[in-house]
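Okay, structure first, notes after.
On a predicted model such as this, the values are computed, not experimentally measured, just so you know. Each chain gets a letter, A, B and so on, in the order its sequence line appears, and its residues count up from 1.
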Amino acid sequence: MIRTRFAPSPTGKLHIGGARTALFNYLFAKSNGGKFLLRIEDTDIKRSSKENIDVILNGLNWLKLIPSEKEKYQSNETQQHIDIAYKLLKNGFAYKCYLSTEELNEMRNQSRKKGEVIKSPYRDNLVNIKNKDFVIRLKMPLKGQTTINDKVQGKVIIDNSILDDMVLLRKDNSPTYMLASVVDDYNMEITNIIRGDDHFNNAFRQIQIIKYMNWPIPTYAHIPLIHGEDGTKLSKRHGAENVMDYKKDGYEVEVLKNYLLRLGYSVNDDKIYDLENNTFNFKLDKINKSPSRFDLKKLSNMNALYLRTQPLNNLLNRIKTKFNLNEEILDRLDFLLPDLIQRYTYLNEIENDFLWLSNDFTNNVSDLNQENLNLVFEVLSILKSTEWNLIELKENIEKCLVENNLKMKDLGPILRIVLTGKTNTPDIFKVIFIIGRNECIKRLTKV
RNA sequence: GGCCCCUUCGUCUAGUGGUUUAGGACAUCGCCCUUUCACGGCGGCAACACGGGUUCGAAUCCCGUAGGGGUCACCA
């Protein structure tokens with residue numbers, strides 16, 4: 001049984017990159033009849049916050065990336081992590097290191113110059129110093145190579161000599177991410193680790209713990225990072241550091257997920273796939289290896305196209321629940337929504353049309369010239385006498401135009417601005433028809 | 001700097017040795033449609049990073065170079 005996990009750290013929000021990692025984990029698990037799990041990596045107590053945990057949970061919830069089991073909190077497993085660290089120590093795979101921060105900094109300076117990894121003198125010189133703080137470090141193999149057959153990156157081999165003796169347990173006895181993550185993955189029986197490419201180097205180090213403990217080695221898939229439009233790593237500068245901001249900005253969740261999927265994944269058409277009901281067959285080998293740039297324009301375009309494919313009833317219901325609208329606006333919306341939706345990129349743009357759809361609307365047009373005023377009067381008299389249906393309305397007004405030797409473009413824009421206050425609306429005849437005789441007369445008389 | 005990864009139009013990508021004058025989508029530009037704004041239709045511009053090989057033949061395989069990214073914490 002395939003088991004994947006998304007393991008965010010609540011030291012920050014759920015950003016777009018994290019959302020994609022979660023999506024890939026979810027899709028891979030679901031495509032293989034497996035389980036998708038969530039683990040909050042809150043070992044950094046100082047930087048983790050309840051607020052961020054909620055943001056992550058809410059974000060995943062909005063994305064409908066619901067874990068198969070209740071989420072785990074890494075901080076609840078601390079004792080286990082400590083036990084493993086001491087077990088490694090006891091078995092000679094780890095050692096106590098008494099190096100101070102200053103000593104370490106100095107060593108790091110030197111090693112950087114030489115291009116070598118730092119080696120603690122306590123590695124081969126096992127001592128127990130009373131009343132002095134220590135960390136527990138893993139003893140990396142000095143020779144040989146480590147190979148990872150990554151499902152995205154391919155087969156990668158590194159020399160073990162570049163591995164540093166990473167810290168397992170801090171001076172204050174708290175486990176590091178390097179240890180905790182491995183132990184938790186083992187306990188949660190994670191079979192496939194799908195995470196950002198920025199973790200690739202960690203895999204070679206973490207795998208040593210797994211080997212020392214004789215645990216099964218999970219299958220890795222390190223997915224490329226998403227870059228901003230300028231080609232650099234995505235950060236706060238690029239806006240929207242929280243996926244929920246995309247919701248606020250009016251992006252449809254299905255669209256966002258499909259866009260995220262397409263970013264670095266080969267899909268041969270422009271369909272918006274149903275990513276919820278296990279109908280999408282997600283394959284790791286379709287993930288590209290190179291990072292891709294986040295393109296808001298493409299996202300927006302997908303959003304607009306998607307909106308137009310949505311059943312009008314669904315859209316109308318969403319509008320009804322989101323906004324408190326009276327019957328009169330609702331009726332008009334019911335009639336005009338098919339026309340309006342063609343013009344929107346985001347559903348929430350509809351807010352801009354509520355005003356003129358309502359009887360509360362009054363125009364403030366006052367600068368019409370005499371010619372146009374006369375035109376408006378003519379239309380007024382037509383509206384007063386015509387039978388109230390779309391066809392009659394249109395015929396009578398067009399007849400009037402012919403009599404005056406005018407074209408629709410001479411009248412359309414004027415009526416539009418007077419009746420709606422806007423320069424762009426659906427077909428003006430439809431607008432007149434649905435707004436109604438009395439209301440139209442009222443608005444036109446105002447001029 | 002060491003190690004690792006990547007490199008097809010501005011962007012996301014198709015392409016796995018001949019079917020390719022390198023295809024699509026977004027963006028952009030032009031035209032058509034037109035009562036406005038859109039939609040839609042038609043068309044244009046635009047890419048195999050560079051240099052060597054291998055081969056009858058290379059975007060596709062190999063080697064360099066350049067550029068980009070990641071990582072090198074008692075953060076995750």
Side-chain angles (χ1 to χ4, degrees), chain A residues 7-12 41-44 46-48 74 97 99 101 104-105 108 111-118 133-137 148 150 152-154 156-159 161-164 166-178 180-181 195-205 222 224-225 227 229 231-233 259 262-270 288-302 304-305 308 339-345 394 397-398 401 407-417 420 422-429 431:
Chain A
S9 164
T11 52
E41 306 229 315
D42 53 353
T43 47
D44 188 342
K46 273 169 280 177
R47 297 198 304 144
S48 297
Q74 195 155 64
C97 173
L99 251 23
T101 311
L104 237 24
N105 285 342
R108 233 173 248 125
S111 69
R112 191 87 180 235
K113 277 181 209 153
K114 285 191 236 159
E116 286 170 0
V117 137
I118 59 163
D133 290 336
F134 63 87
V135 300
I136 293 185
R137 287 181 185 275
I148 288 182
D150 193 276
V152 174
Q153 303 297 329
V156 180
I157 305 169
I158 57 103
D159 279 328
S161 60
I162 64 156
L163 265 18
D164 68 322
M166 65 190 183
V167 172
L168 267 18
L169 226 49
R170 300 188 186 96
K171 207 178 283 182
D172 63 1
N173 213 39
S174 67
T176 60
Y177 156 81
M178 282 297 186
S181 179
R195 68 208 331 183
D197 192 31
D198 49 341
H199 282 290
F200 195 57
N201 289 284
N202 291 337
F204 291 94
R205 308 202 287 161
H222 288 92
L225 270 15
H227 288 171
E229 303 198 32
T232 65
K233 198 177 173 182
Y259 177 69
R262 259 151 237 263
L263 216 47
Y265 185 91
S266 312
V267 187
N268 252 334
D269 50 53
D270 298 313
N288 291 158
K289 290 169 97 171
S290 53
S292 41
R293 300 187 190 197
F294 191 80
D295 185 4
L296 262 184
K297 288 203 195 91
K298 176 78 175 178
L299 216 207
S300 303
N301 175 266
M302 282 173 70
L305 293 180
R308 284 164 212 154
D339 291 82
L340 287 168
I341 202 72
Q342 299 294 325
R343 284 148 235 268
Y344 298 151
T345 299
K394 193 164 178 182
I397 290 177
E398 277 172 348
L401 283 173
K407 289 268 164 53
M408 194 54 211
K409 66 170 183 255
D410 301 313
L411 176 64
I414 299 165
L415 287 181
R416 207 177 321 272
I417 192 74
T420 71
K422 296 186 68 174
T423 53
N424 60 314
T425 71
D427 175 7
I428 195 65
F429 294 114
V431 170

* To do: Could you tell me whether A:Asp164 and A:Arg205 have a side-chain N and a carboxylate O separated by less than 4.0 Å?
  =>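 Yes, A:Asp164 and A:Arg205 are salt-bridged.
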* Rounded to the Å, how far apart are A:Arg262 CZ and B:rA14 P? ->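 Atom CZ in A:Arg262 sits about 12 Å away from atom P in B:rA14.
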* **Nucleotide B:rG2, atom P - distance to CD1 of A:Ile118 in whole Å** => 19 Å
Could you please name the option among [options] that lies closest to any side-chain atom of [X]?
X: A:Val156; options: B:rA76, B:rC4, B:rA14; answer: B:rC4
X: A:Ile162; options: B:rG70, B:rA76, B:rC3; answer: B:rC3
X: A:Lys409; options: B:rA76, B:rC4, B:rU35; answer: B:rU35
X: A:Arg112; options: B:rC3, B:rU35, B:rC72; answer: B:rC72
X: A:Asn201; options: B:rU36, B:rG70, B:rG40; answer: B:rG70
X: A:Tyr177; options: B:rA76, B:rC74, B:rU36; answer: B:rA76
X: A:Ser266; options: B:rU13, B:rA76, B:rC37; answer: B:rU13
X: A:Asp44; options: B:rC74, B:rA76, B:rC26; answer: B:rA76

* Asked: Counting only distance, no hydrogens or angles, is the base of B:rU71 paired donor-acceptor with the side chain of A:Asp198 under 3.5 Å?
  ->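 Absent.
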* Mind telling me whether B:rC9 is syn or anti, cutoff 90° either side of 0? ->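 Anti, since the glycosidic angle lies more than 90° from 0.
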* Indicate whether OP1 or OP2 belonging to B:rA76 is found under 4.0 Å from a side-chain N or O atom of A:Asn202. =>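 Checking B:rA76 against A:Asn202, no side-chain N or O comes under 4.0 Å of OP1 or OP2.
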If I pick the [atom1] atom on [M] and the same atom on [N], what distance separates them, to the nearest angstrom?
N: B:rC32; M: B:rC37; atom1: P; value: 14 Å
N: B:rU36; M: B:rU20; atom1: P; value: 43 Å
N: B:rC61; M: B:rU8; atom1: P; value: 14 Å
N: B:rA47; M: B:rG30; atom1: C1'; value: 22 Å
N: B:rG24; M: B:rA46; atom1: P; value: 14 Å

* Asked: Which residue lies toward the 5' end of RNA chain B, A:Asp339 or A:Ser292, if each is placed at its nearest nucleotide?
  ->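 This one resolves to A:Ser292.
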* 5' precedence on RNA chain B between A:Gly264 and A:Met178 (nearest-nucleotide basis) -> A:Gly264
* To do: Apply the side chain to side chain donor-acceptor pair (under 3.5 Å) test between A:His199 and each candidate in A:Asn201, A:Asn202, A:Asp197; give the one that qualifies.
  =>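 The option that passes is A:Asn202.
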* Taking side-chain hydrogen bond (donor to acceptor under 3.5 Å, both in side chains) as the test, write out the residues that go with A:Asp159, two or more places apart. => A:Gln145
* A:Tyr259 vs A:Asp295 side-chain heavy atoms within contact, under 4.5 Å -> yes
* To do: Return yes if a side-chain donor-acceptor contact under 3.5 Å exists between A:Asn288 and A:Ser290, otherwise no.
  =>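 No, no side-chain donor-acceptor pair sits under 3.5 Å.
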Polar atoms only, N or O, under 3.5 Å: list the protein pairs with nucleotides 6-10 of chain B and their distances.
{"from": "B:rC6", "atom 1": "OP1", "to": "A:Lys289", "atom 2": "NZ", "distance (Å)": "2.3"}

